[in-house]
Participant: 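Pasting a structure below so you can have a look.
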Amino acid sequence: MRKAEFLFCSHPTVRGRSQGGTQIVLRKFVAATIAAAVICPASALAASWNAFDLFNGTNPTAPFRYTAFSGAIGQNPTLMTADTCPYDITCLQGTGDAGVFKPGAATPGAIEVDDGSIVTVPAGALVVDPGDFGIAVFFNAPQAGTYRIKALFDGAETLNNGVTVARLQSNVMSSVIGTPNTTPDNLAFNGTVTLGANQFFGFFIGPGQAAGHDLTSMSFRVAEGVPEPGAWALMILGFSGVGAALRRRALPT
């Protein structure tokens with residue numbers, strides 16, 4: 001895609017006939033320059049990532065990684081590992097029963113677990129089991145920039161007894177989203193964050209006050225935000241070229 005966009009955004013070539021066509025050629029050049037300066041830098045940088053689409057049972061799955069904790073909440077982080085899952089489910093497992101699961105195409109939307117609780121899996125959402133000490137899902141920025149974050153959490157079990165959801169970011173103090181130890185009901189996070197290359201933004205999902213019954217569905221989408229300084233520089237150069245072209249008069253033939 002980026003190669004195609006680069007080819008589309010190459011320097012415009014304008015063809016025209018020489019008889020009385022100087023002004024027409026100039027106008028075409030101006031229009032083509034505006035398109036190259038405004039549309040192409042923004043579209044060439046556009047990229048998005050969806051944790052559900054990319055989840056394949058490996059960890060990390062660029063640019064996302066999945067971490068479980070042990071010993072104490074928020075301590076001793078370790079990357080989850082692949083496991084064999086039934087019912088056409090792809091999963092990663094951590095210590096203390098923590099896990100992340102992706103239902104497959106053959107998995108029904110509602111699954112009855114051993115204790116009688118019904119787990120409802122929304123379309124396009126991963127299922128998180130925070131285990132004894134919680135898990136975290138991180139997005140690692142592939143390059144410095146501004147990123148738009150959209151996430152949604154919901155209590156997947158009918159017997160859900162509450163979880164704690166918090167945002168985590170490089171060099172920023174973590175903060176709880178919603179109310180701690182409650183069942184999330186379409187708990188949403190929508191925001192824009194600025195990250196350096198390889199810095200992270202993610203979410204911690206901690207267990208409720210009682211063990212078990214805390215399966216939580218999660219969608220996590222990231223998209224690049226505004227153009228970077230380099231793109232703005234290209235846009236400014238493009239506008240400068242437009243201004244210079246408009247100031248020139250057509251040479252007499």
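Note that these values count all heavy atoms, side chains included, but never hydrogens, waters or copies made by symmetry. Not measured: the values here are computed from a predicted model.
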Participant: If you define the side chain from C-beta out and look only at heavy atoms, does anything of Phe69 sit under 4.5 Å from Asp132?
Facilitator: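 They are not in side-chain contact.
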Participant: Roughly how far, to the nearest 0.5 Å, is the OG atom of Ser170 from the CG atom of Asn140?
Facilitator: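 These two atoms lie 7.5 Å from each other.
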Participant: Are the side chains of Val176 and Val165 in contact, using a 4.5 Å heavy-atom criterion?
Facilitator: no
Participant: To the nearest 0.5 Å, what is the distance between CZ on Phe204 and OG on Ser174?
Facilitator: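 Those atoms lie 9.0 Å apart.
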Participant: Hey, could you give me each pair passing ring-ring contact (aromatic ring centres under 6.0 Å, His included) that has a residue in residues 143-182? Not counting sequence neighbours.
Facilitator: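 As it turns out, the ring-ring contact (aromatic ring centres under 6.0 Å, His included) pairs with a partner in residues 143-182, which skip direct neighbours, are Phe139-Tyr147, Phe153-Phe203.
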Participant: Between the main-chain N or O of Ala156 and the side-chain N or O of Asp154, is there a donor-acceptor pair closer than 3.5 Å?
Facilitator: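 Checked: no pair found.
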Participant: Pick out which of Asn50, Leu92, Thr61 makes a side-chain contact (heavy atoms from CB on, under 4.5 Å) with Phe55.
Facilitator: Leu92
Participant: Any side-chain to backbone donor/acceptor pair from Asn59 onto Ala82? Under 3.5 Å, distance only.
Facilitator: no
Participant: Look up atom CD in Gln143 and atom CG in Asn198, then write down how far apart they are to the nearest 0.5 Å.
Facilitator: 11.0 Å
Participant: Determine, using the 4.5 Å side-chain heavy-atom cutoff (strictly less than), whether Leu152 and Phe201 are members of one ILVMFWY cluster.
Facilitator: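 No, Leu152 does not connect to Phe201 through the hydrophobic network.
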Participant: Measure from the side-chain N and O atoms of Ser219 to the backbone N and O of Ala125, and report whether any donor-acceptor pair falls under 3.5 Å.
Facilitator: no
Participant: Looking only at heavy atoms, what is the nearest atom pair of Gly178 and Leu187, with distance?
Facilitator: CA-CD1, 3.9 Å
Participant: Would you give the length of the straight line joining atom CD1 of Ile118 to atom CG of Leu215, rounded to the nearest 0.5 angstrom?
Facilitator: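 If I round to the nearest 0.5 Å, the distance is 12.0 Å.
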Participant: I need the minimum non-hydrogen distance between Pro63 and Leu54, along with the two atoms involved.
Facilitator: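 Closest heavy-atom pair between Pro63 and Leu54: CD-CD1, 3.9 Å.
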Participant: In Å, rounded to the nearest 0.5 Å, how long is the span from CG of Asn56 to CZ of Phe64?
Facilitator: 12.0 Å
Participant: Membership question, hydrophobic clusters at under 4.5 Å side-chain separation (ILVMFWY): are Phe189 and Val100 in the same one?
Facilitator: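 In one cluster: yes.
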Participant: Quick check: closest heavy atoms across Pro130 and Asp214, and the distance to 0.1 Å?
Facilitator: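 Scanning both residues completely, I find the closest heavy atoms to be CD-O, 3.4 Å.
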Participant: Taking side chain as C-beta onward, heavy atoms only, is Val193 less than 4.5 Å from Arg167?
Facilitator: yes
Participant: Quick one: does Gln93's side chain get under 4.5 Å of Tyr66's, heavy atoms only?
Facilitator: no
Participant: Determine, stepwise, if the pair Gln169 / Leu195 fulfils side chain to side chain contact (heavy atoms under 4.5 Å, CB included).
Facilitator: CA-CA 9 Å; Gln169 182 177 346; Leu195 300 173; 3.8 Å; yes
Participant: Give a yes or no on whether the backbone of Phe52 and the side-chain of Lys102 come within a donor-acceptor separation of less than 3.5 Å.
Facilitator: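 Side chain of Lys102 to backbone of Phe52, a donor-acceptor pair under 3.5 Å: yes, one is there.
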Participant: Are the side chain of Thr183 and the backbone of Asn160 linked by a donor-acceptor contact shorter than 3.5 Å?
Facilitator: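 Yes.
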Participant: With a 3.5 Å distance limit and no angle check, can you tell me whether Thr164 reaches the backbone of Asn181 through a side-chain donor-acceptor pair?
Facilitator: yes
Participant: Looking only at non-hydrogen atoms, find the nearest pair between Asp129 and Ile135 and report the distance.
Facilitator: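 That closest heavy-atom pairing would be O-CG2, 3.8 Å.
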Participant: If every non-hydrogen atom of Phe133 is compared with every non-hydrogen atom of Ser70, which pair is closest and at what distance?
Facilitator: CD1-CA, 3.7 Å
Participant: Glu157 and His213: which non-hydrogen atoms are nearest, and at how many Å?
Facilitator: OE2-CA, 3.0 Å
Participant: Rounded to the nearest 0.5 Å, what separation is found between the CG atom of Asn76 and the OG1 atom of Thr67?
Facilitator: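 The CG atom of Asn76 sits 12.0 Å away from the OG1 atom of Thr67.
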